[in-house]
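Below: the structure, in structure tokens.
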Amino acid sequence: MGFTQEQARRLQGLQPQLDPERREAAAAQLLLLGLSAEAALALLEQSPALLRLPTERLRERAEELRRLGLDGGRLQRAVSRCPQLFAVPRKRLAAAVRLLRERCLFTAEQLRDVLGTCPAVLLEEPRSLHHHFQYAYFRMGVRQKEMVKARLFQMPFAELRNRHIFLERRGLYETPYKGQIQTSNPKLKDILQLPEKDFLANLACSTAEEYEVFKKLLAREEEEEGKEEEVDALYAEEDDLDGERSKTVPE
């Protein structure tokens, strides 16, 4: 299969309780994706659970990813970054793709670019993924083209929200009104891709200490809001119960 003797020994040492043919079949499937022998071996060492997947499952999933536009080098990079793509249930993968195309309205080309730069989106719960998109679209006024260019989904949602609200409260970011073209805001790419030190120095014009204090205060705000919502829900439930009792009490 193109393995050196040293690489073959490493392969044999993976999941030694497995049938040797199973290990070789899994490695062969990864080589068929275009991975080098070393890259395929490194992937199996990183995610030995792949050895337990049926080779047909590996082959079918690779074909599914190709149909989404991940071919050639894109497919190799995607599975290297996110080997869990082989194990995620088909329904979960299909739900993420359907949401990105039908509700987030990414074009087929934009979807290919999203998956190529952040294949882990296919592992996300659709509700969380949609919330991430909606926040950037409605709260930040960013459109799909800019999201793709900035690699929106590479940054965890919590950090995106922290950075955006920090800029907003410092008067450095304004949510565009409907139909308004906003050009004075920092570019999404800079908000997402700058290291925290550069983000604070170049965009927020602040210090790490101020940012840490802000994050703690924001977390406290969210906690208090959550408690208020729980109390409101409790009162609403009691009102419903009182209403039901009044219907059953004889006059």
Side-chain angles (χ1 to χ4, degrees), residues 33 43 47 49-50 53 56-165 168 173 175-182 185-193 218 222 225-226 229:
L33 297 181
L43 185 58
S47 301
L50 294 179
L53 293 177
E56 188 63 26
R57 170 77 172 274
L58 296 174
R59 184 161 43 247
E60 289 177 355
R61 181 52 50 86
E63 287 303 318
E64 291 172 2
L65 295 173
R66 286 192 181 97
R67 285 195 291 271
L68 294 174
L70 292 177
D71 52 3
R74 286 193 181 92
L75 180 58
Q76 297 167 28
R77 289 189 292 272
V79 298
S80 296
R81 292 175 186 170
C82 189
Q84 300 94 324
L85 289 175
F86 285 114
V88 65
R90 179 178 294 174
K91 288 185 178 180
R92 179 81 164 270
L93 184 146
V97 170
R98 187 164 55 250
L99 180 126
L100 291 168
R101 289 285 280 126
E102 297 178 6
R103 302 190 68 181
C104 301
L105 300 179
F106 287 107
T107 66
E109 182 178 357
Q110 288 171 339
L111 175 63
R112 182 196 64 193
D113 291 340
V114 168
L115 299 183
T117 57
C118 190
V121 295
L122 294 175
L123 310 179
E124 295 287 337
E125 287 285 353
R127 182 179 299 180
S128 299
L129 190 59
H130 196 212
H131 183 59
H132 199 151
F133 167 81
Q134 286 185 312
Y135 187 89
Y137 191 90
F138 292 108
R139 280 285 281 113
M140 300 181 71
V142 179
R143 295 301 177 256
Q144 289 87 338
K145 183 178 180 179
E146 188 177 354
M147 292 181 197
V148 174
K149 185 177 180 180
R151 303 181 180 182
L152 170 68
F153 299 107
Q154 281 191 344
M155 174 170 281
F157 172 72
E159 181 59 20
L160 166 68
R161 186 171 181 271
N162 283 341
R163 291 191 178 196
H164 167 241
I165 295 178
E168 194 174 50
Y173 199 104
T175 302
Y177 297 106
K178 185 176 182 180
Q180 176 186 6
I181 299 177
Q182 179 61 256
N185 285 332
K187 293 183 180 299
L188 181 65
K189 184 176 181 179
D190 292 334
I191 296 174
L192 298 179
Q193 296 187 12
L218 184 61
E222 293 175 347
E225 289 174 1
E229 290 176 359

Using only atom types and a distance under 3.5 Å, with no angle test, would you say the side chain of [X] pairs donor to acceptor with the backbone of [Y]?
X	Y	result
Arg112	Asp71	no
Glu124	Ala96	no
Gln144	Gln110	no
Arg81	Ala120	no

What distance do [X] atom [atom1] and [Y] atom [atom2] have between them, rounded to the nearest 0.5 Å?
X	Y	atom1	atom2	result
Leu122	Leu85	CG	CG	6.0 Å
Leu123	Leu129	CG	CG	10.5 Å
Leu111	Leu70	CG	CG	8.0 Å
Ile191	Met140	CD1	CE	4.0 Å
Leu75	Ser80	CG	OG	9.0 Å
His164	Asn162	NE2	CG	11.5 Å

Do [X] and [Y] touch side chain to side chain, with heavy atoms closer than 4.5 Å?
X	Y	value
Arg61	Leu93	yes
Leu65	Leu115	no
Lys145	Thr107	no
Ile165	Arg139	yes
Gln84	Val88	no
Met147	Phe153	no
Gln154	Thr117	yes
Val148	Glu109	no

Before giving the answer on side chain to side chain contact (heavy atoms under 4.5 Å, CB included), spell out for Lys149 and Val142 the whole-Å C-alpha distance, their side-chain angles and the decisive distance to 0.1 Å.
CA-CA 11 Å; Lys149 185 177 180 180; Val142 179; over 6 Å; no

Would you call Arg59 and Glu56 a salt bridge, taking side-chain N to carboxylate O under 4.0 Å as the test?
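A salt bridge links Arg59 with Glu56.
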
Nearest atoms (heavy-atom pairs only) where [X] meets [Y]:
X	Y	result
Ala95	Pro126	CB-CG, 3.8 Å
Leu99	His130	CD1-CB, 3.6 Å
Gly141	Pro176	CA-CD, 3.9 Å
Pro83	Leu43	CB-CD1, 3.5 Å

For Arg77, check salt bridge (charged side-chain N to carboxylate O under 4.0 Å, His left out) against everything at least two apart and list the hits.
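Counting only residues at least two positions away or on another chain, Arg77 forms no salt bridge (charged side-chain N to carboxylate O under 4.0 Å, His left out).
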
Take Asn185 and Glu168 through the side chain to side chain contact (heavy atoms under 4.5 Å, CB included) test and state the conclusion after the steps.
CA-CA 10 Å; Asn185 285 332; Glu168 194 174 50; over 6 Å; no

Does Arg101 make a cation-pi contact with Phe106, if we ask for NZ or CZ under 6.0 Å from the ring centre and within 45° of the axis?
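Output no; distance or angle outside limits.
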
Please, which pairs that meet salt bridge (Lys or Arg N to Asp or Glu O under 4.0 Å) have at least one residue in residues 83-95, sequence neighbours excluded?
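Qualifying pairs, neighbours excluded: Glu60-Arg90, Glu64-Arg90, Arg92-Glu125.
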
